[in-house]
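Numbered from 1 within each chain, the chains take letters A, B, ... in sequence-line order. Computed from a predicted structure; not experimentally measured.
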Amino acid sequence: MLEKALKEIQRGSSEIIDNERIEKLLKAYFEEGKVYTVKAGFDPTAPDLHLGHTVLLQKLATFQKYGAKIQFLIGDFTAQIGDPTGKNVTRKTLSVSQIQENAKSYKEQVFKILDAEKTEVVFNSTWINALGASGMLSLTTTYNVARMLERDDFDKRYKSGTSISISEFIYPLLQGYDSVHLQSDIEIGGTDQKFNLLMGRHLQRAYEIGKEQSVLMMPILEGLDGVQKMSKSLNNYIGVADEPNEMFGKILSISDELMWRYYELLSAKSLDEISELKINVDNGSAHPKRVKEELAVEIIERFHSLKAAEEARLEFQRVHSESQIPTELDEFSIDAEVWIAKALVECKLSPSTSQARRDIKQGAVKINQEKVSDEQLQLLEGEYVLQVGKRKFAKLKVI
RNA sequence: GGUGAGAUAGUCAAGUGGCCAACGACGGUGGACUGUAAAUCCGCUCCCUACGGGUUCAGAGGUUCGAAUCCUCUUCUCACCA
């Protein structure tokens with residue numbers, strides 16, 4: 001049992017610091033039912049969760065399975081500074097009301113994965129505000145500038161003469177102080193957070209709270225392109241709030257190679273099951289597309305329902321494999337006969353009439369499944385299903 | 001504060017008086033091939049009912065028959081020095 005739990009906890013992680021302590025904590029749980037705490041901090045700047053975030057959330061869920069109480073920390077105070085990690089410019093500060101709003105939508109989304117019973121949502125402004133100027137000052141005496149500058153990103157900025165604000169120096173200290181206040185046993189975060197995570201250990205030692213948190217780091221999930229990290233700003237993400245059909249399409253669009261990565265970090269399947277799948281695909285006894293569909297269904301089920309997932313699968317089949325028209329189309333209506341190019345723009349299938357004409361010229365446009373060749377075509381009264389390329393559809397009523 | 005370099009389409013990046021709606025790359029998109037994948041190949045990629053017209057090269061003026069290209073000012077970036 002202990003073995004299994006440990007294996008599950010270690011799964012997918014890129015680095016664990018003080019693994020022995022994690023073992024001890026688990027042992028104490030199994031033998032005496034002793035509860036321990038796992039902290040994870042979230043920046044309330046990005047309210048829309050995507051699968052990249054869920055890698056961490058699922059790890060937390062695993063911990064919950066094995067006795068952990070999760071300290072779900074919303075860094076509402078620290079967000080006012082902005083995490084300098086990986087940044088090469090000073091971040092803008094966020095307004096208090098903005099942070100409040102973001103934090104709220106965070107909470108709404110995370111309990112799809114986490115067990116609310118075993119989760120404590122905390123805001124670090126609570127204790128950091130209470131720290132006061134003298135508390136803050138004594139916090140800063142635990143570390144020095146030279147060591148802070150060892151950080152790669154600070155180092156680069158310092159050497160290149162880019163500004164580093166003093167508040168950014170304080171950021172890691174505050175994050176570490178959170179671990180002091182919360183008396184965390186374990187903290188988990190992305191690999192890019194290593195410096196900040198280690199600061200928790202450092203400060204717990206400095207404040208002599210009698211323990212040093214273990215640190216478990218998870219790799220950063222690649223986005224749909226398979227290269228850059230999943231992020232909203234790169235538009236390569238799968239949002240947990242995405243529609244089932246959209247999720248299905250996005251998951252199916254990832255490369256086979258990336259699929260295994262997603263399996264490892266996102267699926268609830270055991271590693272043994274996954275490696276068996278991989279063997280089957282490699283020797284040709286399983287079709288990679290089927291395997292990918294399975295993953296898609298699993299993920300959609302998690303955020304929607306099994307029913308929605310199966311429907312998405314069927315819909316996908318209809319539209320893409322059998323090149324039929326999707327069941328639900330955006331509908332538009334125009335009250336006079338229109339030129340086809342204008343109609344495409346109206347239905348948001350083309351961004352401009354110029355583009356629409358190009359599409360027609362290239363044979364990309366279909367009306368009721370029939371290819372359009374006449375660029376000058378006028379649409380008379382009636383109902384039409386318009387299509388551009390393989391996946392853009394709309395229904396148009398001309399009155 | 002001083003000096004120098006620069007600002008070109010979604011991004012990077014050529015172009016330094018007419019052949020420029022502007023090379024190329026990436027991205028995006030359409031087609032072929034497929035498993036709507038990847039890889040590969042081909043087309044398109046400022047707007048406009050278009051063998052034509054309009055608006056672009058940080059912004060504002062100016063020189064010229066003609067400017068992304070030359071001049072002036074402004075704004076912003078970056079580098080070096082203090």
Side-chain angles (χ1 to χ4, degrees), chain A residues 88-90 156-163 222-228 230-238 242-263 277-278 280-282 284-297 299-300 312-327 334 336-367 369-380 386-394:
Chain A
N88 44 25
V89 286
T90 307
K156 275 190 195 138
R157 284 165 62 180
Y158 184 64
K159 283 191 177 139
S160 73
T162 315
S163 105
E222 293 85 353
L224 299 173
D225 51 51
V227 182
Q228 292 184 281
M230 183 176 284
S231 88
K232 206 178 171 191
S233 54
L234 293 171
N235 197 28
N236 62 355
Y237 71 103
I238 300 175
D242 279 356
E243 291 302 312
N245 287 338
E246 202 177 336
M247 267 194 194
F248 200 93
K250 281 181 178 174
I251 295 168
L252 266 279
S253 80
I254 64 175
S255 68
D256 288 0
E257 205 187 326
L258 188 60
M259 162 172 86
W260 298 115
R261 183 95 173 129
Y262 277 33
Y263 254 113
L277 277 177
K278 195 164 187 324
N280 288 339
V281 167
D282 288 344
S285 66
H287 196 301
K289 191 195 176 198
R290 295 277 111 60
V291 177
K292 206 181 291 175
E293 281 179 343
E294 233 177 279
L295 176 69
V297 169
I299 291 175
I300 295 167
R313 185 212 285 262
L314 290 175
E315 180 74 0
F316 188 84
Q317 187 109 15
R318 273 170 55 79
V319 178
H320 302 292
S321 306
E322 297 162 25
S323 52
Q324 288 182 18
I325 304 161
T327 45
I334 296 177
E337 84 173 59
V338 274
W339 176 38
I340 176 68
K342 288 280 189 210
L344 292 174
V345 175
E346 279 300 313
C347 296
K348 304 200 162 74
L349 297 177
S350 296
S352 69
T353 59
S354 296
Q355 183 62 49
R357 291 171 141 243
R358 275 180 224 120
D359 290 336
I360 296 166
K361 232 177 264 176
Q362 294 178 146
V365 176
K366 287 183 188 161
I367 294 179
Q369 315 269 52
E370 296 278 329
K371 194 174 277 187
V372 176
S373 50
D374 179 10
E375 225 179 275
Q376 300 299 329
L377 185 70
Q378 295 289 325
L379 295 182
L380 305 174
L386 305 178
Q387 180 183 359
V388 176
K390 284 174 187 162
R391 34 186 133 166
K392 284 179 285 190
F393 294 89

Is the distance from OP1 or OP2 of rU49(B) to the nearest side-chain N or O of K342(A) less than 4.0 Å?
yes
Length of the line joining R357(A):CZ and rG53(B):C1', which is rounded to integer Å:
12 Å
Tell me the partner of rG1(B), counting only Watson-Crick (N1-N3 plus N6-O4 or O6-N4) or G-U wobble (N1-O2 and O6-N3) with both under 3.5 Å; none if nothing fits.
rC81(B)
Between atom CH2 in W339(A) and atom P in rU49(B), what is the gap in whole Å?
5 Å
With a 4.0 Å limit, can you tell me whether S253(A) has a side-chain N or O closer than that to the phosphate oxygens OP1/OP2 of rA37(B)?
no
Along RNA chain B (nearest heavy atom to each residue), the more 5'-positioned of S255(A) and L377(A):
S255(A)
Contact letters for nucleotides 21-29 of chain B, in which S counts primed atoms plus P, OP1 and OP2 and B counts the base, heavy atoms under 4.0 Å:
--------S
Report yes if a donor N or O on one partner sits less than 3.5 Å from an acceptor N or O on the other, where the partners are the side chain of K390(A) and the base of rU34(B); otherwise report no.
yes
Say we look at rG18(B) and rG62(B): how far apart would their P atoms be, to the nearest angstrom?
22 Å
Which glycosidic conformation, syn or anti, is assigned to rA50(B) if syn requires a torsion within 90° of zero?
syn
Taking side chain to side chain donor-acceptor pair (under 3.5 Å) as the test, write out the residues that go with E293(A), two or more places apart.
R290(A), R313(A)
Rounded to whole Å, CD1 of I360(A) lies from C1' of rC44(B) at a distance of 14 Å
When both distances are under 3.5 Å in a Watson-Crick or G-U wobble arrangement, the nucleotide paired with rA50(B) is none
Going by purine N1 to pyrimidine N3 plus the second Watson-Crick contact, or the G-U wobble pair, all under 3.5 Å, which nucleotide sits opposite rG6(B)?
rC76(B)
Look at the side chain of Y263(A) and the backbone N and O of K292(A), then say whether any donor-acceptor pair between them is shorter than 3.5 Å.
no
Rounded to whole Å, how long is the line connecting atom NZ of K361(A) with atom C1' of rC42(B)?
17 Å
When you compare rU29(B) with rG61(B), how far apart are their P atoms, in angstrom units rounded to a whole number?
39 Å
Under-4.0 Å side-chain N/O to phosphate OP1/OP2 contact, R358(A) with rU49(B):
no
List in chain and number order the residues that pass side chain to side chain donor-acceptor pair (under 3.5 Å) with K289(A), two or more places apart in sequence or in another chain; answer none if no residue qualifies.
S321(A)
Distance, C1' atom - from rG10(B) to rG28(B), rounded to whole angstrom:
8 Å
Send over the distance from L258(A) CG to rG35(B) C1', rounded to a whole Å.
16 Å
Round to the nearest Å and state the distance from L224(A) atom CG to rA38(B) atom C1'.
14 Å
For A296(A), does its backbone N or O pair with a side-chain atom of E294(A) as donor and acceptor, under 3.5 Å?
no
Taking the C1' atom of each, how far is rU8(B) from rA68(B), in whole Å?
7 Å
Identity of whatever pairs with rC20(B) - Watson-Crick or G-U, under 3.5 angstrom
none
Here the pair of heavy atoms bringing M230(A) nearest to Y262(A) is CE-OH, 3.3 Å
Quick one: K250(A) NZ to rA38(B) C1', roughly how many Å, whole number?
20 Å
In the strands shown, is rG66(B) matched to any nucleotide by a Watson-Crick or G-U wobble pair with both distances under 3.5 Å, and which?
none
Pairwise P distance for rA25(B) and rG6(B), with rounding to whole Å
26 Å
Note: for Q376(A) and K289(A) on RNA chain B, the residue whose nearest nucleotide lies more 5' is K289(A)
E375(A) meets the salt bridge (charged side-chain N to carboxylate O under 4.0 Å, His left out) criterion, sequence neighbours left out, with R357(A)
Would you measure the distance from the P atom in rA9(B) across to the matching atom in rC47(B) and give it in whole Å?
15 Å
Find the distance K371(A):NZ to rA32(B):P and express it as a whole number of Å.
7 Å
Of all the nucleotides listed (rU49(B), rG35(B), rA50(B)), which has the minimum atom distance to the side chain of S354(A)?
rA50(B)
Pick the P atom in rC42(B) and in rC76(B), then give their distance to the nearest Å.
46 Å
Distance, P atom - from rG2(B) to rC73(B), rounded to whole angstrom:
15 Å
Would one find a side-chain N or O of S352(A) under 4.0 angstrom from OP1 or OP2 of rC48(B)?
yes
Does K250(A) have any salt bridge (charged side-chain N to carboxylate O under 4.0 Å, His left out) partners at least two apart in sequence or in another chain, and if so, which?
D242(A), E246(A)
Output for pair (I340(A) CD1, D374(A) CG), nearest 0.5 Å, gives 9.5 Å
Using purine N1 to pyrimidine N3 plus N6-O4 or O6-N4 for Watson-Crick, or N1-O2 and O6-N3 for G-U wobble, both under 3.5 Å, which nucleotide pairs with rU55(B)?
none
Under 3.5 Å on both distances, the Watson-Crick or G-U partner of rA37(B):
none
Does the structure show a Watson-Crick or G-U wobble partner for rU45(B), both distances under 3.5 Å? Name it, or say none.
rG27(B)
Base, sugar-phosphate alone, or nothing: which one does E375(A) contact when heavy atoms must sit under 4.0 Å apart?
nothing
side-chain contact (heavy atoms from CB on, under 4.5 Å) test vs L344(A) passes for just one of V338(A), T353(A), V388(A), namely V388(A)
Checking rA50(B), rG30(B), rU49(B) against the side chain of Q378(A) (C-beta onward), the nearest is rU49(B)
Any residue meeting salt bridge (charged side-chain N to carboxylate O under 4.0 Å, His left out) with K278(A), in chain and number order, not counting sequence neighbours
D282(A)
